[in-house]
Amino acid sequence: MPNSITNSRFLSSEAGIDLLARSHFLNQETMDLQKKRALTQLRSKSSNLDKYMFLAWLRNTNVKLFYRIVIDELEEITPLIYTPTVGTACLEYSHIAPFLAPPGVPDGLFLSLNDLPHLTQIIRDYRPFPFDESLTPQITVITDGSRILGLGDLGVNGMGIPVGKLQLYTAAAGIDPRRTLPITLDTGTNNEKNLNDELYLGSRRKRAEDDEFYPFVDAVIKSLHDVYPNLLIQFEDFSSEHAFDLLEKYRDNTFCFNDDIQGTGAVILSGFMNAVHLVENDVPPTEHRLLFFGAGSAGVGVAKQLLDFFIREHDMDEEIAKKRVWLVDSRGLVTKDRGDKLAKHKIYFARDDNEGKQYKSLMDVINYVKPTALIGLSSQGGVFSANVIERMAELNKRPIIFPLSNPSVNAECTFEQAMIHSNNRVIFASGTGFPRYTDPQTGKVHVPGQGNNMYIFPGLGLGAILARPPIITDRQIFAASSALARSLTDEERSQELLYPSITRIRSVSAEIAAAVMVEAVREGFARDPEALKLCRGHLNELKNFKGPRWHSLIKYVQGHMWDPNTNDLMDENYFLGSRI
Ligand SMILES: NC(=O)C1=CN([C@@H]2O[C@H](COP(=O)(O)OP(=O)(O)OC[C@H]3O[C@@H](n4cnc5c(N)ncnc54)[C@H](OP(=O)(O)O)[C@@H]3O)[C@@H](O)[C@H]2O)C=CC1
Ligand SMILES: CC(=O)C(=O)O
Ligand SMILES: [Mg+2]
């Protein structure tokens, strides 16, 4: 059998026994004491990459302790296992991968073009945990590493992303870690640095052309469903053209969604709906003018989802709603008569009312459009300059500025910059979290929003897994987005937050999951008998998302969330919850 990179090396080793014996004394200790020791170690490390490596080792050797820590210390740990640190880890992945787990424990499944004839067998054989028929994977996050965060083509080094996202599925939505399947496709890389790096773990070849790429993805998806027919597939960090094409191809016939297009769309729609409330005395909801700086999978995905705000919430005609959106790409304002061949995904929003005039610089576009909201999904760190923010603040009493690119170095501006140059008037959300800002004059502490799809995909995935529709529909995604917008407490609203505190993410994910289940049942797509029993015939009661039936549904969802303190099979199969 061909060896796609590291799989067989990871899986064939007998090592780990040693460690198991040495850790025997831990049997006597409480989880709290183990947690204290691990946190002391973690906090003693000086670099975030060292912390990432320490946490990866912990995850790969003591699953329960790792998730206890992640769940309890979410605010501290998320930036270490997800953006921004996961970006650094991906850049270094080929250099650090062997040190993230004991030999014999895989980080995720690599599938290369050479594996094509044996895909089904490889997928069937991939058993990172002692196999248990009742614990087959429920969800996979799959990338080809071609656009990792805003860092570009990282090839197989992108594995950090499926691994990171699936950790959040477990921490934020209680998907059993044994039922998650991180996959990275190795279809080559165009990253010269990787190709010239002798330590690079992937195939040393340029990326496959479309005639090889699409049949390969097709074969992977077919093999995945042959082995695991109910598996939910989350496409992640594919280059934009492929991301749109794959979504188009599979959305109506496969249990899947694209997180960068649909997950990001849903999370920003939710934050935008809350932002609209904050400015409604100055800007009537239907008068918003949305300027997207960046017109890739994320920019266009979010723009399309924001149309739902005008169309579903305000009954606007689609053609009129579409006119509230302007896109900017690397060549300036996207117009029909710009003279270049527009990528397929940009055509829908291309303007035809520019009277032949083209606008290149961001400032020119801002002066022309006079946006109420400026949304950055360009991976161009710092482009929302002092001048840009000041101009937005001149045009709006409360400018909405969302620098959403990841990781932090790619954010179009920082929270501090946005606050200073808008005179503290900005309504802000970024893709990677920024520190709070303390006004030097008043001492008041301002909390930034984090508009990251991590608020949506765990709950959306959990709801879909529990309802088991054959496909993920736009309505389910809208239901997830509205549930997130509703989830703010009165206190959070009074602090003008756009998103709930991350410390509440498990309960927020439960609300999102329940809303997705209700929608799947309402559409007639849900197939899970329990979901049908709980929702069908009660849709009228459930439509307000309150009352006894809603609470029993939430309880049902929470009852299906794995928690590291549960005594479950993991204790029998794993020494101290360890994988080895
Ligand atoms: N907050 C969140 O939850 C999420 C954030 N993201 C972030 O969004 C970013 C973009 O992702 P994605 O859309 O997939 O990536 P793409 O690379 O496909 O898109 C980037 C877009 O930015 C445009 N662009 C690049 N340089 C400039 C420039 N100098 N001036 C104006 N426009 C420019 C590109 O133009 P052109 O089309 O001409 O090349 C393209 O339209 C990434 O940083 C990613 O991390 C993504 C998903 C979720
Ligand atoms: C957050 C995310 O999905 C991205 O930056 O691609
Ligand atoms: Mg992504």
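Heads up: numbering here begins at 1 and tracks the sequence. Order of listing sets the numbers, starting from 1, for every ligand and every atom in it.
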- What atoms in ligand 1 come closer than 4.0 Å to a heavy atom of Ala298? 8 (O), 11 (O), 12 (P), 13 (O), 14 (O), 46 (C), 47 (C)
- Message: Tell me whether Lys323 is salt-bridged to Asp352, with the criterion being a basic N under 4.0 Å from an acidic carboxylate O.
- Response: yes
- Message: So which atom in Arg436 and which in Pro448 form the shortest heavy-atom distance, rounded to 0.1 Å?
- Response: CA-CD, 3.9 Å
- Would you mind running through ligand 1 and noting each atom that sits below 4.0 Å from a heavy atom of Gly431? 1 (N)
- Item | Under-4.0 Å salt bridge between Arg205 and Glu212 | yes
- Message: Please confirm whether Tyr82 approaches ligand 2 to less than 4.0 Å, judged on its heavy atoms.
- Response: yes
- Query: Any ion pair linking Arg475 and Asp308 (charged N to carboxylate O, less than 4.0 Å)?
  - Reply: no
- Message: So, applying side-chain contact (heavy atoms from CB on, under 4.5 Å) with Ile505, which one of Ser507, Ser509, Ser501 is it?
- Response: Ser509
- Query: Given Ser146, Ser379, Gly263, which one has a non-hydrogen atom that is nearest to atom 42 (C) of ligand 1?
  - Reply: Ser379
- Note on the structure: ligand 1 to Thr264, heavy atom cutoff 4.0 Å, flagged ligand atoms 2 (C), 3 (O), 4 (C), 47 (C), 48 (C)
- Query: Is it the side chain, the backbone, both or neither of Ile161 that has a heavy atom closer than 4.0 Å to ligand 2?
  - Reply: neither
- Verify whether the ring centers belonging to Phe272 and Phe309 lie closer than 6.0 Å. yes
- Item | Salt-bridge contact Asp329-Arg331 (side-chain N to carboxylate O under 4.0 Å) | no
- Report, in ascending order of atom number, the atoms of ligand 1 lying under 4.0 Å from any heavy atom of Gly294. 21 (C), 22 (O), 23 (C), 41 (O)
- Note on the structure: Of all protein heavy atoms, the one nearest atom 1 (C) of ligand 2 is Asn406 ND2, 3.2 Å
- If you measure from each non-hydrogen atom of Asp329 to ligand 1, which part falls under 4.0 Å: side chain, backbone, both or neither? both
- Residue-ligand contact Val267/ligand 1, heavy atom below 4.0 Å: no
- Query: To the nearest 0.1 Å, how far is atom 27 (C) of ligand 1 from its closest protein heavy atom, and which atom is that?
  - Reply: Gln380 CG, 3.7 Å
- Item | Contacting atoms of ligand 1, where contact means under 4.0 angstrom from a heavy atom of Ser378 | 22 (O), 25 (C)
- Query: So, is the end of the Lys165 side chain (NZ or CZ) under 6.0 Å from the ring centre of Tyr82 and within 45° of the ring's axis?
  - Reply: no
- Message: I need the atoms of ligand 1 closer than 4.0 Å to a non-hydrogen atom of Lys346, numbered in the order shown.
- Response: 36 (P), 37 (O), 38 (O)
- Item | Leu404, any N or O under 3.5 Å of ligand 1 N or O | yes
- Task: Around atom 20 (C) of ligand 1, find the nearest protein heavy atom and jot down its residue, atom name and distance.
- Result: Leu377 O, 3.7 Å
- Query: Mind checking whether Val220 and Ile142 have side chains closer than 4.5 Å, heavy atoms only?
  - Reply: yes
- Item | Donor-acceptor side-chain pairing of Thr189 and Asn191 below 3.5 angstrom | no
- Can you check whether Ser240 has an N/O within less than 3.5 Å of an N/O in ligand 1? yes
- Answer yes when Glu492 and Arg504 have at least one side-chain N-carboxylate O distance shorter than 4.0 Å, and no when they do not. yes
- atom 15 (O) of ligand 1: nearest protein contact (heavy atom, Å): Arg147 NE, 3.6 Å
- Query: Under a 4.0 Å heavy-atom limit, does Lys165 contact ligand 2 with its side chain, its backbone, both, or neither?
  - Reply: side chain
- Using distance alone, decide if ligand 1 has a nitrogen or oxygen within less than 3.5 Å of any nitrogen or oxygen in Asn406. yes
- Out of curiosity, is Asn410 lining ligand 1, as in a heavy atom under 4.0 Å away? no
- Message: Heavy-atom distances under 4.0 Å decide this one: backbone, side chain, both or neither, for Met454 against ligand 1?
- Response: neither
- Are Phe402 and Phe428 near enough that their ring centres are under 6.0 Å apart? no
- Would you indicate which of Glu236, Arg147, Met454 comes nearest to atom 6 (O) of ligand 2 when only heavy atoms are counted? Arg147
- Looking only at heavy atoms, is any part of Asp260 under 4.0 Å from ligand 2, and if so is it the side chain, the backbone, or both, or is it neither? side chain
- Query: Got the closest protein heavy atom to atom 19 (O) of ligand 1, with its distance?
  - Reply: Gly296 CA, 3.5 Å
- Task: Report yes or no: is the cationic atom of Lys304 (NZ for Lys, CZ for Arg) under 6.0 Å from the centre of the six-membered ring of Tyr348, at an angle within 45° of the ring normal?
- Result: yes
- Taking only heavy atoms of Asn452 into account, list the atoms of ligand 2 that are under 4.0 Å away from them. 1 (C)
- Message: My understanding is that only one of Ile221, Leu231, Leu247, Leu232 makes a side-chain contact (heavy atoms from CB on, under 4.5 Å) with Thr254; could you say which?
- Response: Ile221
- For atom 35 (O) of ligand 1, what is the nearest protein heavy atom, given as residue, atom name and distance? Ser330 N, 3.1 Å
- Query: Any salt bridge (Lys or Arg N to Asp or Glu O under 4.0 Å) pairs touching residues 375-393, not counting sequence neighbours?
  - Reply: Arg391-Glu394
- Report the part of Thr264 in contact with ligand 2, treating N, CA, C, O as backbone and CB onward as side chain, heavy atoms under 4.0 Å; options are side chain, backbone, both, neither. neither
- Query: On the ring face of Phe238, is Arg147 found with NZ or CZ under 6.0 Å from the centre and within 45° of the axis?
  - Reply: no
- Begin from the C-alpha positions of His288 and Phe310 and carry the test side chain to side chain contact (heavy atoms under 4.5 Å, CB included) through to its verdict. CA-CA 9 Å; His288 276 279; Phe310 297 111; 4.3 Å; yes
- Residue and atom names of protein N/O/S atoms that fall under 2.8 Å from the Mg ion (ligand 3): Glu236 OE2, Asp237 OD1, Asp260 OD1
- Task: Name the orientation class of the two ring planes belonging to His242 and Phe213 (parallel below 30°, tilted from 30 to 60°, perpendicular beyond 60°).
- Result: parallel
- Item | Interfacing atoms of ligand 1 (cut-off 4.0 Å, heavy-atom, Gly150) | 42 (C), 43 (O), 45 (O)
- Task: I would like to know whether Tyr359 and Asn367 meet side chain to side chain donor-acceptor pair (under 3.5 Å); could you show each step before the answer?
- Result: CA-CA 10 Å; Tyr359 300 85; Asn367 286 329; over 6 Å; no
- Task: Identify, for atom 1 (N) of ligand 1, the protein heavy atom at the shortest distance, and state residue, atom and that distance.
- Result: Gly451 O, 3.0 Å
- Message: I want to check something: taking the side chain as every heavy atom from C-beta on, are Phe216 and Thr187 in contact at a cut-off of under 4.5 Å?
- Response: yes
- Query: Which ligand 1 atoms does Ala295 reach within 4.0 Å, using its non-hydrogen atoms?
  - Reply: 21 (C), 40 (C), 41 (O)
- Distance col, row Asp337:CG vs Lys357:NZ, nearest 0.5 angstrom, shows 12.5 Å
